[in-house]
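Just follow the structure's listing: the first ligand is 1, and inside any ligand the first atom is 1. Here the structure is a predicted model, which means the values were calculated and not measured.
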Amino acid sequence: MAVSLLVASSAIAQEPVRFDDLPSYQVASTGGVVAADNQYASEAGVAILEAGGNAADAGVLTMLILGIVHPFSSGLGGGGFCLYRDADTEETTVLDFREMAPAAAHRDLYLVDGEADFSLARRGGLAVGVPGEPAGLWALHGRFGELPWEDVVEPARHFASQGFAVGATLARHLHAMEEHLQVRPELLALLSNEDGELLEEGDFFARDDLARALDLFRDEGVRPFYVGPIADAIAATVQEHDGILTADDLASYHMIPREPVRGDFAGYEILSMPPPSSGGIALIQALNILAHLDLDDLDDDALLHARVEALKHAFADRAEWLGDSDFVDVPIDRLLDLDYAAELAARVDLDAVLDPTDYGTTAPHAEEGGTSHLSIVDGDGNLLSCTTTINTRFGSLVYVPEFGVILNNEMADFNIQPGEPNLYGLIGNEQNAVAPGKRPLSSMSPTLVLRDGQPVMTIGASGGPTIISGVYFALLDLLIDGAEPLDNIAAGRHHHQWMPDTLWAETEDDPRHQALQDRGHTIRHRPSFTAVQFVLRRGDQWVGVSDPRKGGRPAAPSVDP
Ligand code: GLY
C-alpha cells in the first residue's frame, strides 16, 4: 500500500480564514470523516482511510502532518491526549502522552528572589517538558492500528521532505512571533525563505530536518526519540538553552493508558479526558450542574447566563482541586457526584452573578495559537478524538536542528507559583505545583459522545482554557439546542474561567449581552478564540466540521472504503 495523495495535495494553497465560505468547512459521508484544523492533515487522514486504514492509522498520519504544516501548534516535540473507541469491543481507551517534568524539576524552579519569573517557564530550555507525542503516536498505532507502521509514517516523511505551500494560518502565526524569533537564530532560519525573510503565505516550505526524524521513526519506531540519536540531540539542545532535561528523562518517559471520565446528560453519555487534564471533569461537572437546573421556558439570555454560571463553578473547582492525579489526590468522584452538582446548582441565581468566592468549593488569557485538535470517524464506526500541543505558539522556541523538532513549553501549564495565575490567567494551587516526573494540568478535552451505546460524536478544541468552554457550548448548542453544525461554528463564542471574573465574547452585538450585564456579568470582547473540530452523526451520515477560526478543512473518502 502506498499513500501518495500528499504529492497532489501539497500543491493546494490553504485558504485564509473566511466565514463567507462556510460550506467548505463541512463534509458529510457514510464512509468516515477526518476533521483537523488543516486541510493537508485532513486529506492525509482520509488517504489512510481510503487505503484500508482505520481511525487510529489515520490519526497517526494526521497528527504527523499537523506537526509539519502547523509547527507553531503541535509536533513531535510536544504531547497530547487521545480517546479511541473501538467499534468491535465498544471500549474507549484514553492515551495520555502529556509532557512530563524532568527529574531535576522542583516546586520553586521558576522563582527568582522568591518571585515567579514566568519567562523562564515560557521560553528557553527550562520551559521544556519531556515530549510525549512520539510515544503517543506509537501507542495509538500499536494498540489499534491496522496498516503497517511504515505505511502510516512514510507519507509524512515524504510530505516533509517534498515541501508544501505555507498556509494563511501559519503565515499569521509567524508574523505574530516575528519579534520573539529574532533571538532564536536557528528557528528563525528554519522559518525564513532564501532571502532571509519570514515565510509568507504561499511560500514553499520543505522540512528536510524533520524528514530525518521521520525516517528513523518509520524504520525504527519510537526508540530513537527516547533512547538514541534523537533523544541525545533533544537533551543536548535543551541543556545548551539552560534547561535541565536529560537523556535519562527521555528514557524514562512513557505513555499512560487511563480510564475516561464519564457523565450522562440529557440522554447522552459523555466520555472525556481525566487528569492530568482538567477538561473532562470541568465539562461533565458543568453539565451535571445544568442537569439540576430548571431551564425550561427560559429566555435566551437567562439560558446563556445559567450555562455560564455552571461553567464558573466548574472552573472554580478546577483551580482548587485539579492536578496530576498520579501525584496529588484529585477528588474525581466527588467533583462528578450528582449530589454535589445539585448543591452547586442550588447556588445558581438566574437573575445575578455571585460573589467570586461563592463558586465551586472555595474562592484572559492570550490566544497563543498552540494546540491542535482532530476528530476522526472511520467507515467501521471507530471514533478518535485527539488534542495535541506544544503549548503556546512555537512552544519554548527551542529547536533541535538535526531532527527538526520544536520543543514544547508545557512547563508553563504548571502553576509555577501556587496561588498566582499561570500564563492563561488560570489560578491554581499546590495541586498543580511543579514536581519531578509530574504532568502539568491541561485543559485539553478530547471527548466522545454516545447515545444508547451508539456513537454520536467526537469533538475537541484548541485554545488553552477556552477548549473547555468551546467543547461545552458546542455540545449544548449541537445536542440540546439542535443547531446545525455550520451555524454552530459561525456563531459568536463565549468563555468564562471563573477568574478573572470576565465573560469573554466573540461578538459585540449579541442581543443577550445587555441582560447578562444587568445580572452583573462583566463582558469583554475578543474577536476570535477556540478552534473546535467535530464529527457528528446525522441520520446515516457522519458530518465533519473544521473551525474557520484556524482555517482548517475536514475531508472524507471520495468513495466509501
Ligand atoms: N497547553 C494547553 C493545555 O494543555 O491546556
Novice: Taking 4.0 Å as the limit for heavy-atom contacts, which would you say applies to R439 with ligand 1: side chain only, backbone only, both, or neither?
Specialist: neither
Novice: How close do I68 and A160 get, counting heavy atoms only, and between which atoms?
Specialist: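 Closest pair (atom of I68, atom of A160, distance): CD1-CB, 3.8 Å.
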Novice: Return the residue, atom name and 0.1 Å-rounded distance of the protein heavy atom closest to atom 5 (O) of ligand 1.
Specialist: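 Looking only at protein heavy atoms, the one closest to atom 5 (O) of ligand 1 is S443 N, 2.8 Å.
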Novice: Which heavy atom of the protein is the closest neighbour of atom 2 (C) of ligand 1, given with residue, atom name and distance?
Specialist: D413 OD2, 3.3 Å
Novice: Can you tell whether the side chains of R98 and D96 come within less than 4.0 Å, N to carboxylate O?
Specialist: no
Novice: May I ask you to decide whether D326 forms a salt bridge with R258, counting only side-chain N to carboxylate O separations under 4.0 Å?
Specialist: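 Judged by the 4.0 Å cut-off on N to carboxylate O distance, D326 and R258 do form a salt bridge.
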Novice: Going by the rule ring pair (Phe, Tyr, Trp, His ring centres under 6.0 Å), which residues pair with F327 if we only count those two or more places apart in sequence or in a different chain?
Specialist: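 So F327 forms no ring pair (Phe, Tyr, Trp, His ring centres under 6.0 Å) with any residue.
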Novice: Among all protein heavy atoms, pick out the one at the shortest distance from atom 4 (O) of ligand 1; state its residue, atom name and that distance to 0.1 Å.
Specialist: S442 OG, 2.7 Å
